[in-house]
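Here the structure comes first, spelled out in structure tokens, and everything after it is commentary.
In what follows, every chain begins at residue 1, and chains take the letters A, B, ... in the order their sequences are listed.
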Number of protein chains: 2
Amino acid sequence: MIDKQSPMPIYFQLERSLRSQIENNTLKPGDLLPSEREYAEQLDISRMTVRQAITNLVNEGLLTRQKGRGTFVAEQKLEQKLSGLTSFTEDMKVRGMNPANTLLSFELVPAETKVAERLHLKQHTPVYEIKRIRLADDVPMALETVYISANLVKGLTEAITASSLYRYIEEDLGLQIGHAVQSMEAAIVNEQERAHLLVQKGAPVLLIERNTFLKDGTPLEYVKSSYRADRYKFTIDINR
Amino acid sequence: MIDKQSPMPIYFQLERSLRSQIENNTLKPGDLLPSEREYAEQLDISRMTVRQAITNLVNEGLLTRQKGRGTFVAEQKLEQKLSGLTSFTEDMKVRGMNPANTLLSFELVPAETKVAERLHLKQHTPVYEIKRIRLADDVPMALETVYISANLVKGLTEAITASSLYRYIEEDLGLQIGHAVQSMEAAIVNEQERAHLLVQKGAPVLLIERNTFLKDGTPLEYVKSSYRADRYKFTIDINR
DNA sequence: TCATTAAATTGGTATAGACAACTATACTTT
DNA sequence: AAAGTATAGTTGTCTATACCAATTTAATGA
């Protein structure tokens, strides 16, 4: 388990050992670990060295320490999922609703100034422009316009837009989505939105703009959405 | 700089000192720090205690260590800051504006149903209720109501609310903020908001609710804010 | 039996020292 | 001039010890 003659640091060996015990469920979430003093005596190493191993795993979130009680295997954080990047489709499923789309238009157009800027393209480079109404349980929730670099998704067809665009990009094209910069602001519906979202004049909407990038930093898409304020509330989990 | 008699751990005091030196550019990115032994001798503390402070900052990404060379101030990752949890104060500074507050009320009140639920308290447990107008360059940006468990911040006074509440909680109380669940929605201003934000009737506002937790999971605060839609856009970086 | 007190256990902080591994520099040898 | 060598300074690892603070457990007393 621990080899003092190894060039590998002792704390690192212990760290790896504990990590694998957690991995293969020898140590289960909620379990109490042997005390630091016990490890030290058992392995004939200093308590401070044990602490160094455990501290690293605590920082990673695999273990938790409680003064006077002991060190425990951390419970898995399901919460983590919420903090990530979710599509409208996934989002609605989580909320227990049935997502659907109505395609308004599907065109290959030259990128105008703002779109070109967000996708790091030269102006007038061809991009797909997809306008959709997003429905949840058949109720209009949002009006969405997606701009996506044509050279990244060459085989894009109208049929694909009927389901989840993200699923297609990740699973069929094998592109890895990295991060997104998203902005949110409030506004009053304009006429176009009002017609599609079926709301009163003067009703508030939540405007969301999202700029999505691949893992390598290439801009993938630029999305502008208008959500009905009376039906949609955006929630996110922010970690330090 | 370091007070050995303070109940605050020495490594924590040094950590805070270094953090603030980096904050106010006394230590600039790329700078070489004095060696660990030098700090130990200078402050008359153990080298291991110095290491504990530095290790924490390395884990946070503020410092980097190179064996045989020394410890350096890390290059700033601006993006990182945006993705994390930021206070209004920090947020406005990043945007190059001057943040300020107008205190409307500061009371110790019994927690009502929703507040108690969010703070995991029994109903009618005393909580601080702080109402403030948030200003940026002297322009009203938001109306904010903070509810915070009274037993967590016993010494809270009106004076503290004049500056940054987060700074006080982290640096003076030594509480570690973990994560926050934040929701955003759009609405039309009500009368109270209209009076304080100085906007037209029927103007849109961005309603933000935030539930902040400590690292150990204890609920710290519940905040309701109404931001002027014409002046404020919320931006966040979302990582997979 | 129940509540109180005391002791034991646990993680948290801190010290002092030692040696290893690595880097940069100055100096010596080839 | 180039290569090798010594040296001082840096972080990395590890030990042994000590005391503190929070919690649990055992002993005690009414």
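With sequence neighbours excluded, no residue forms a salt bridge (charged side-chain N to carboxylate O under 4.0 Å, His left out) with B:Glu193. Take B:Tyr11 and apply the ring pair (Phe, Tyr, Trp, His ring centres under 6.0 Å) test, not counting sequence neighbours, and it matches no residue. Listed by chain and residue number, B:Met92, B:Met97, B:Met141 satisfy the side-chain contact (heavy atoms from CB on, under 4.5 Å) test with B:Ala136 (two or more places apart in sequence, or in another chain). Judged as a salt bridge (charged side-chain N to carboxylate O under 4.0 Å, His left out), and not counting sequence neighbours, B:Asp3 has no contacts. Legend: residues meeting salt bridge (charged side-chain N to carboxylate O under 4.0 Å, His left out) with B:Arg95, ordered by chain and number and at least two apart, are B:Asp91.
For the residue pair B:Gln21/B:Ser17, the side-chain donor-acceptor check at 3.5 Å is satisfied.
Following rounding to the nearest Å, B:Leu33 (CG) and D:dG9 (C1') show an atom-to-atom distance of 16 Å. Atom CZ in A:Arg65 sits roughly 15 Å away from atom C1' in D:dA21 (whole-Å rounding). The CD atom of A:Glu36 sits 15 Å away from the C1' atom of D:dC19 (whole-angstrom rounding). The separation between A:Ile2 atom CD1 and D:dC14 atom C1' is 13 Å, rounded to whole Å.
Scanning DNA chain C 5' to 3' for nucleotides with an atom closer than 4.0 angstrom to a non-hydrogen atom of chain A gives a first and last hit of C:dT10 to C:dA14.
B:Phe88 approaches B:Arg134 most closely through the heavy-atom pair CZ-CB, 3.4 Å. The two residues B:Ala150 and B:Leu108 have their closest heavy-atom pair at CB-CD1, 3.8 Å. Among all heavy-atom pairs drawn from A:Asn56 and A:Glu15, the shortest one is ND2-OE1, 3.0 Å.
For the contact set between residues 40-50 of chain A and DNA chain D, defined by any heavy atom under 4.0 Å, the members are A:Ile45, A:Ser46, A:Arg47, A:Met48, A:Thr49. Only at 4.0 angstrom or more do the heavy atoms of residues 4-18 of chain A sit from any atom of DNA chain C, so none qualifies.
For the helix from C:dT1-D:dA30 to C:dT30-D:dA1, the rotation axes defined at the first and last 5 base pairs enclose an angle of 20°, given to the nearest 10°.
Dashed line: the shortest gap from a side-chain N or O of B:Thr71 to OP1 or OP2 of D:dT10 is not under 4.0 Å.
B:Arg210 has a carboxylate O that lies under 4.0 Å from a charged side-chain N of B:Glu221, or vice versa, which qualifies the two as a salt bridge.
Pairs of residues two or more places apart, or lying in two chains, that qualify as ring-ring contact (aromatic ring centres under 6.0 Å, His included) and include a residue from residues 103-135 of chain B are B:Phe106-B:Tyr128.
Between B:Glu117 atom CD and B:Leu119 atom CG the span is 10.0 Å, to the nearest 0.5 Å. How far CG of B:Leu14 is from CD1 of B:Ile45: 5.5 Å, rounded to the nearest 0.5 Å.
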Just the atom pairs and distances: protein N or O near nucleotides 23-27 of chain D's N or O, under 3.5 Å.
{"unit_1": "D:dT24", "atom_1": "OP1", "unit_2": "A:Arg69", "atom_2": "NH1", "d": "3.2"}

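Side-chain atoms of B:Arg37 stay outside donor-acceptor range of the base of D:dT10, with no qualifying N/O pair under 3.5 Å.
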List the atom pairs, with distances to 0.1 Å, where a side-chain N or O of residues 23-40 of chain A and a protein N or O form a donor-acceptor pair under 3.5 Å, not counting sequence neighbours.
{"unit_1": "A:Asn24", "atom_1": "OD1", "unit_2": "A:Thr26", "atom_2": "N", "d": "3.1"}
{"unit_1": "A:Asn24", "atom_1": "OD1", "unit_2": "A:Thr26", "atom_2": "OG1", "d": "2.5"}
{"unit_1": "A:Asn24", "atom_1": "ND2", "unit_2": "A:Ser20", "atom_2": "O", "d": "3.3"}
{"unit_1": "A:Asp31", "atom_1": "OD2", "unit_2": "A:Lys28", "atom_2": "N", "d": "2.9"}
{"unit_1": "A:Ser35", "atom_1": "OG", "unit_2": "A:Glu38", "atom_2": "N", "d": "3.1"}
{"unit_1": "A:Glu36", "atom_1": "OE1", "unit_2": "A:Arg47", "atom_2": "NE", "d": "3.0"}
{"unit_1": "A:Glu36", "atom_1": "OE1", "unit_2": "A:Arg47", "atom_2": "NH2", "d": "3.2"}
{"unit_1": "A:Glu36", "atom_1": "OE1", "unit_2": "A:Arg51", "atom_2": "NH1", "d": "3.3"}
{"unit_1": "A:Glu36", "atom_1": "OE2", "unit_2": "A:Arg51", "atom_2": "NH1", "d": "3.1"}
{"unit_1": "A:Glu36", "atom_1": "OE2", "unit_2": "A:Arg65", "atom_2": "NH1", "d": "3.0"}

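The neighbour count for A:Arg19 CZ, taken as heavy atoms of other residues, nucleotides or ligands under 6.0 Å away, is above 12. Atom NZ of B:Lys122 has 12 or fewer heavy atoms from other residues, nucleotides or ligands within 6.0 Å.
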